[in-house]
Amino acid sequence: MPKTKPAQNPVEELNYEEALAELENIVETLEGEENSLEEAMKLYERGQTLASHCGALLEAAQLKVQKLAGESLVAFEEESE
Amino acid sequence: MQPSLFSETLTVSQLTYRIRKRLEETPELQDVWVTGEISNLSRPASGHIYFTLKDKKASLRCVMWKTDAQRTRPDLQEGAAVEAHGKIVVYEPQGQYQLIAHLIQAKGEGALFQEFLRLKSMLEAEGLFRSERKREIPAFPRAIGIVTSATGAALRDMLNTIRRRQPLTRVILAPSPVQGIEAPPALVNAIQALNLQSPGVILIARGGGSIEDLWAFNDERVVRAVAVSQAPVISGVGHETDFTLCDFAADLRAPTPTAAAELATQITLDDLRLQITHSQARLTDSISGLLADHQASISALASRLKHVSPARRIQSEYQRIDELSRRAASALTHHFQLQSARVDGISKRLGALNPAGVLTRGYAIVTRNSDGSLVGKVSQAQGEMTVRVSDGVFEVNHKT
């Protein structure tokens, strides 16, 4: 199994799926492979950062609703009740 | 007709029971459609509906129980031409047979229903509804397509449900009329246009209504569009009890629009929160484990290191150094003693050789003043001379 490349994208630029995928990757690497302590500590810190980033994205999530107009998408204004 | 002498005599109950059994075991009387006009309509507080169906020549007593009555439109009227579906039973106390009606609809709806059945069996025969055609609904679609009226309560219900459960997804609405003659082609267009956006799933939905209101969702064009949609389709048309052909063609049938929105958001925000918490716990567990492992190896190494420590050797080296320095010191002392004894001996011998020592014994040393030479013989004596004795000197003059 190839070693996990320490991904170098800044965490705050990742979207939820990317951050989650990397987090799961890190968890598996930490659980499954022999890592040097230094490497493991780096992975752990990045994992923690990813987890808080994911959490923040979840709390901030707002449903985006668009409407098809012909072949393009426009924002859909919901009627207030 | 002569009565048979030997025929048994039945009680009324026995006979009625036989009639009842005969009627109730006749299949075509247990699943029957009957049409007629309503009369003697009565809706007591019990919630059951009692009425008589009649035509020119006959009448039939009918009952509809409360549970079915609740689903029936309340506009049943005296004189209305209806079609009722149900089964024939016998009410023994009054010796009456009657229809237990499950469904009553205005006359003409029956024709729609026949059309529904015809279309259903045709499309079924084509394999459009086969279960192996059904695709898995993604648990967490990145985009959810919605085909419904832009102004209906169905849309509001679905958006609220999706927003509450999974706001990380995105909704693409393809608005379409959901009833009337323009509805079927518009629904087809909406499904096709949505597929160009490749959503993870498409919801096709509308709120409840009569069978005519929902008819667009039985339109063959719409049903086929649902069946061939690239994105999997969840249908949520009408209420729990309404079935449309779209429901059969869809990959998943939801009883209501809200339920359709729930089925499209199987992984909720709460699930994701849990997942993150779980990942965090696994992270912490694995790093703690790793640290503990390292600590254990360090302890093991430290104890092995202690065993091979040079401290003992250093101790014994110290001892050797002490021993050596002690031996060196004693050798040096010995040497000094020897030397000083020798020096004593030599200085005693030296003392014995000191000429001054001879003087004390009464000897004198005479030197000539003229040249300082020692006078050892009489012949050497001449002129002024110095005589050295033990405590000093004096002058003498040699007389010739």
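All chains are named by letter (A, B, ...) in the order of the sequence lines, taking the proteins before the strands, and each is independently numbered beginning at 1.
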Legend entry - Heavy-atom closest contact (B:Leu168 atom, A:Ala61 atom, distance): CD2-CB, 3.7 Å
Inset, instruction - Would you mind telling me which of B:Ile162, B:Thr277, B:Thr284 has the largest number of heavy-atom pairs within less than 4.5 Å of chain A? - result: B:Thr284
Inset, instruction - Taking all heavy atoms of A:Leu68 and all of B:Ile172, pick out the closest pair and write down the distance. - result: CG-CG2, 4.0 Å
Legend entry - B:Val171 vs A:Phe76 side-chain heavy atoms within contact, under 4.5 Å: no
Inset, instruction - Could you look at A:Leu20 and say if it's the side chain, the backbone, both or neither that has a heavy atom under 4.5 Å from chain B? - result: side chain
Inset, instruction - Compare all side-chain heavy atoms of B:Arg142 with those of A:Glu17 and state whether any distance is below 4.5 angstrom. - result: yes
Legend entry - Selection from B:Ile276, B:Leu291, B:Leu196, B:Leu283 maximising heavy-atom pairs under 4.5 Å formed with chain A: B:Leu283
Legend entry - Nearest atoms (heavy-atom pairs only) where B:Ser279 meets A:Val27: O-CG2, 3.7 Å
Legend entry - Proximal component of A:Gln48, with respect to chain B [non-hydrogen, under 4.5 Å]: both
Legend entry - Leading residue by heavy atom contact count with chain B [cutoff under 4.5 Å; candidates A:Asn15, A:Leu23, A:Leu73, A:Leu37]: A:Leu37
Inset, instruction - Might you point out which heavy atoms bring B:Gln275 and A:Glu24 nearest each other, and give the distance in Å? - result: NE2-OE2, 3.2 Å
Legend entry - Top contributor to chain B contacts, counting heavy-atom pairs under 4.5 Å, from A:Leu30, A:Leu50, A:Leu58: A:Leu58
Legend entry - Interchain contact, A:Tyr44 with chain B, by part (heavy-atom threshold 4.5 Å): both
